[in-house]
Number of protein chains: 2
Amino acid sequence: MANTLIFKDIDFSDQVSADFLVDVSKLMKSQELPNKHILHSEGTICNYFFIIHTGLARAYYFKDGKDITAHFAIENSTITAIDSFIQRKKSRYNIELLEDTTLSYIVYDDLKKLLDDKPHYEKYARIFLENIYIDIAERIEDLLFHSAKERYAKLIQKFPSLLQRVNLGHIASYIGITQETLSRIRSEK
Amino acid sequence: MANTLIFKDIDFSDQVSADFLVDVSKLMKSQELPNKHILHSEGTICNYFFIIHTGLARAYYFKDGKDITAHFAIENSTITAIDSFIQRKKSRYNIELLEDTTLSYIVYDDLKKLLDDKPHYEKYARIFLENIYIDIAERIEDLLFHSAKERYAKLIQKFPSLLQRVNLGHIASYIGITQETLSRIRSEK
DNA sequence: GTACGATTTTGATATTTATCAAAGAGACTC
DNA sequence: GAGTCTCTTTGATAAATATCAAAATCGTAC
């Protein structure tokens, strides 16, 4: 659930940042898509970086036949098959919508061209990745040191609406437990 | 144990990359330091990015009074208090040497100045972070889907020398189990 | 070589979570 | 509103790992 606010750590008071925002906006295209729409399928290279305006998406993959949620993207969050988008390899992720959704997207080649043309914009890619790093490091610590119960509590504290909006099974796999265990946790107190 | 080869994904055949390497080299200073030397203490902002040439360092922090290893850096790896180095906040990590070590380091302000002067170098910061991302994503998957036994096996497969070089307790905390459990895993078969 | 401190192993038990199976509850179709 | 499908809960049991305590081993200083 990284990157809740896309450009949250960018100081847009300077000219370069303002220019960057304008140039990126020009590349972005908007779309409305229905629930269950597949944004990306595993085994293909992901060429899109999505920004969710309203609605909900999730990235998931299959591990020993089980459907595992790797990432949720709610309003004002971003999502892509990050393994593929970064490494330009076939992705192991699928991305699907869990609600009717309005989103924007940027095409990889357009973004790459922009960064090649204006290398000083690389700074924003770096900042974006730094933010991903911070989120993901927190998640590792969560997995190492918090019980299933604590991980669940933290998740709904951070994203209270999630519980009403997605299946238990998706939440359970996201925090690394079975659906049955999550059901029991929930029924306590 | 991210970033084993520092510049592994950089194509140095082009002129910009060659220039970058030269400029970074100019910023780097070398040092020999003894075992147990403290490279960084928690609660302070980390201004150094270390590259270990020979020897061994680890980053650790305290969680409920327990010493938890977050990262090992062996030969040709890098280490810093990444939370602090990225965010310029007080770090929760300590970094110590576990062997006599030769290393180089880059001062944050020097690196920042270089990136400000030559923004097209930001690309390398981005690539570095992408590599961190890939390592760390693998670690999450490890924690979610592999048993303690499997995590241990993977670790020593990747870094066979580690077992001879560091305490069991450090390895155990790195893979998220107790020392006793690791000892039992090791004594099996 | 003995003694001391640090590290690792072993033992007994408790806790957490998974697994497998089945029942219950909701939502939608006709 | 009966039937069907999906999602969630509940129950019984098993497996993995933690905890607490103590013993064994190792390394080093003297």
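We use all heavy atoms of the structure for the numbers below, so side chains are in, but hydrogens, waters and symmetry mates are not. These figures come from a predicted structure and were not determined experimentally. Naming: A, B, ... by sequence-line order, numbering from 1 per chain.
Spacing between atom CZ of A:Arg165 and atom P of D:dT8 amounts to 16 Å, rounded to whole angstrom units. Whole-Å rounding puts the B:Lys149 NZ to D:dA15 P distance at 12 Å. For A:Lys63 and C:dA18, the NZ to P distance is 16 Å, given to the nearest whole Å. One atom, CD of A:Glu150, and another, P of D:dA18, lie 14 Å apart when rounded to the nearest Å. Nucleotide D:dG11 holds its C1' atom 7 Å from the CZ atom of A:Arg184, rounded to whole Å. Atom-to-atom, CG of B:Leu144 to C1' of C:dT17 comes out at 14 Å; the value is rounded to the nearest Å. Residue B:Ile177 contributes atom CD1, which lies 13 Å from atom P of C:dT8 at whole-angstrom precision. Going from atom CZ of B:Arg151 over to atom C1' of D:dA16 covers 11 Å, rounded to whole Å.
You'll find that the side chain of B:Asn167 is closest to C:dT7, out of C:dT19, C:dT7, D:dT8. With distances taken from any side-chain atom of B:Gln179 to the nucleotides C:dA18, D:dT9, C:dT9, the minimum falls on C:dT9.
An angle of 30°, rounded to 10°, separates the two end axes of the helix from C:dG1-D:dC30 to C:dC30-D:dG1, each defined over five pairs.
Close to C:dT17, at under 4.0 Å from its OP1 or OP2, lies no side-chain N or O of A:Thr178. Proximity of A:Thr181 to the phosphate of C:dA18: a side-chain N or O atom is located under 4.0 Å from OP1 or OP2. Side-chain N/O atoms of A:Ser183 include one lying less than 4.0 angstrom from OP1 or OP2 on D:dT9. In this model, the phosphate group of C:dT9 is approached by a side-chain N or O of B:Arg186 to a distance below 4.0 Å at OP1 or OP2.
If you take CZ on B:Phe159 and CZ on B:Arg165, they are separated by 11.0 Å, rounding to the nearest 0.5 Å. Considering CD1 of B:Ile136 and CD1 of A:Ile132, their distance stands at 10.5 Å, rounded to 0.5 Å.
Results of the side chain to side chain contact (heavy atoms under 4.5 Å, CB included) test with B:Lys154 over B:Arg139, B:Lys149, B:Glu138 single out B:Glu138 as the only residue that passes.
Taking 4.0 Å as the cut-off between side-chain N and carboxylate O, A:Glu130 and A:Lys123 do not count as a salt-bridged pair. For B:Lys113 and B:Asp110, the salt-bridge test fails: no basic side-chain N is under 4.0 Å from an acidic carboxylate O.
No hydrogens or angles were tested; on distance alone, a donor-acceptor pair under 3.5 Å links the side chain of B:Glu180 to the base of D:dC20.
The salt bridge (charged side-chain N to carboxylate O under 4.0 Å, His left out) check on A:Asp19 picks up nothing, with sequence neighbours excluded.
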Steps toward ring pair (Phe, Tyr, Trp, His ring centres under 6.0 Å) verdict (A:Tyr108, A:Phe85): CA-CA 7 Å; A:Tyr108 177 85; A:Phe85 197 81; 5.2 Å; yes
